[in-house]
Amino acid sequence: MDSENIVCPVDQTLNLINKKWSVQIIRDMFFGKKHFKEFKESNPKLSNKVLSNCLKDLEKNGLIEKHVLDTTPVTTEYYLTEYGKSLNKIIYELAMFTLKREDSYSEEIRNDLKKSFKETLNIED
């Protein structure tokens, strides 16, 4: 294999999630399905156009899946794929990195965050 053509795996991962808001959208699906309006509620500065484009990009990259329900009005739900769920450990480590350093989080908030992540990821101390 030609070493000049090898792309760093870290770079490849970052390229999947490098668009603004991608990590926040993945984070929002960490605990289950989400609807378009729920992304907007948890990220008020996120525009409809940027959210729509980001969801399409994450779907194209195989990180999320879109389910359109036959309801009136039509309801769309977004889920992480198994591939997308594998990013949860990375997101957990990002959160823990900040919690180890930031003094602005109370011990109760730290413990609640750790507990919710650990339950979802089946992480042991």
Side-chain angles (χ1 to χ4, degrees):
M1 189 175 246
D2 184 4
S3 63
E4 290 181 22
N5 293 325
I6 296 175
V7 178
C8 173
V10 173
D11 289 345
Q12 287 183 309
T13 301
L14 292 174
N15 285 335
L16 287 175
I17 59 173
N18 70 350
K19 282 193 173 175
K20 190 172 183 177
W21 299 104
S22 291
V23 173
Q24 291 90 334
I25 290 169
I26 292 167
R27 176 208 60 206
D28 287 351
M29 288 184 279
F30 190 72
F31 298 103
K33 70 178 188 247
K34 292 290 179 208
H35 299 103
F36 194 90
K37 69 176 183 154
E38 292 173 305
F39 292 117
K40 296 284 294 166
E41 289 167 0
S42 65
N43 303 288
K45 294 181 180 179
L46 177 58
S47 74
N48 287 343
K49 181 179 179 181
V50 170
L51 174 56
S52 180
N53 288 339
C54 196
L55 289 168
K56 286 176 188 174
D57 191 54
L58 291 170
E59 185 179 14
K60 180 184 85 177
N61 288 322
L63 298 171
I64 69 169
E65 193 171 286
K66 176 172 84 170
H67 294 180
V68 179
L69 305 177
D70 188 21
T71 58
T72 305
V74 173
T75 305
T76 305
E77 297 176 335
Y78 296 90
Y79 299 83
L80 286 172
T81 61
E82 287 303 313
Y83 184 53
K85 287 178 185 177
S86 66
L87 288 170
N88 287 345
K89 290 180 183 174
I90 296 167
I91 293 170
Y92 168 79
E93 290 300 333
L94 287 170
M96 294 306 104
F97 177 81
T98 298
L99 289 178
K100 288 176 187 171
R101 188 167 187 275
E102 282 290 323
D103 295 331
S104 60
Y105 295 95
S106 71
E107 196 60 34
E108 181 181 7
I109 289 173
R110 290 171 188 267
N111 290 335
D112 285 349
L113 281 169
K114 287 178 183 179
K115 181 181 177 196
S116 63
F117 274 109
K118 287 179 180 183
E119 287 172 357
T120 304
L121 294 171
N122 298 319
I123 294 173
E124 311 235 346
D125 282 323

Contacts of Leu51 meeting side-chain contact (heavy atoms from CB on, under 4.5 Å) (sequence neighbours excluded), chain-then-number -> Ile25, Phe36, Phe39, Lys40, Leu46, Leu55
Has Asp57 got a side-chain atom pairing as donor or acceptor with Asn53's backbone, closer than 3.5 angstrom? no
Close side-chain approach of Asn15 and Asn61, heavy atoms under 4.5 Å: no
Is the shortest side-chain heavy-atom distance between Ile64 and Met29 below 4.5 Å? yes
Do other residues, nucleotides or ligands put more than 12 heavy atoms under 6.0 Å from the CD atom of Gln12? yes
Which distance, rounded to the nearest 0.5 Å, do you find between the NZ of Lys89 and the CG of Leu94? 14.5 Å
Compare all side-chain heavy atoms of Leu58 with those of Cys54 and state whether any distance is below 4.5 angstrom. yes
The reported gap from CD1 in Ile26 to CD1 in Ile91 (rounded to nearest 0.5 angstrom) is 5.5 Å
Output every pair passing side-chain hydrogen bond (donor to acceptor under 3.5 Å, both in side chains) with a member in residues 67-82, not counting sequence neighbours, ordered by first then second residue. His35-Glu77, Glu65-His67, Thr71-Thr75, Glu77-Tyr79, Glu82-Lys85
Check against side chain to side chain contact (heavy atoms under 4.5 Å, CB included), Asn88 and Leu80: CA-CA 10 Å; Asn88 287 345; Leu80 286 172; 3.8 Å; yes
Can you find a heavy atom in the side chain of Leu16 that is under 4.5 Å from one in the side chain of Leu87? no
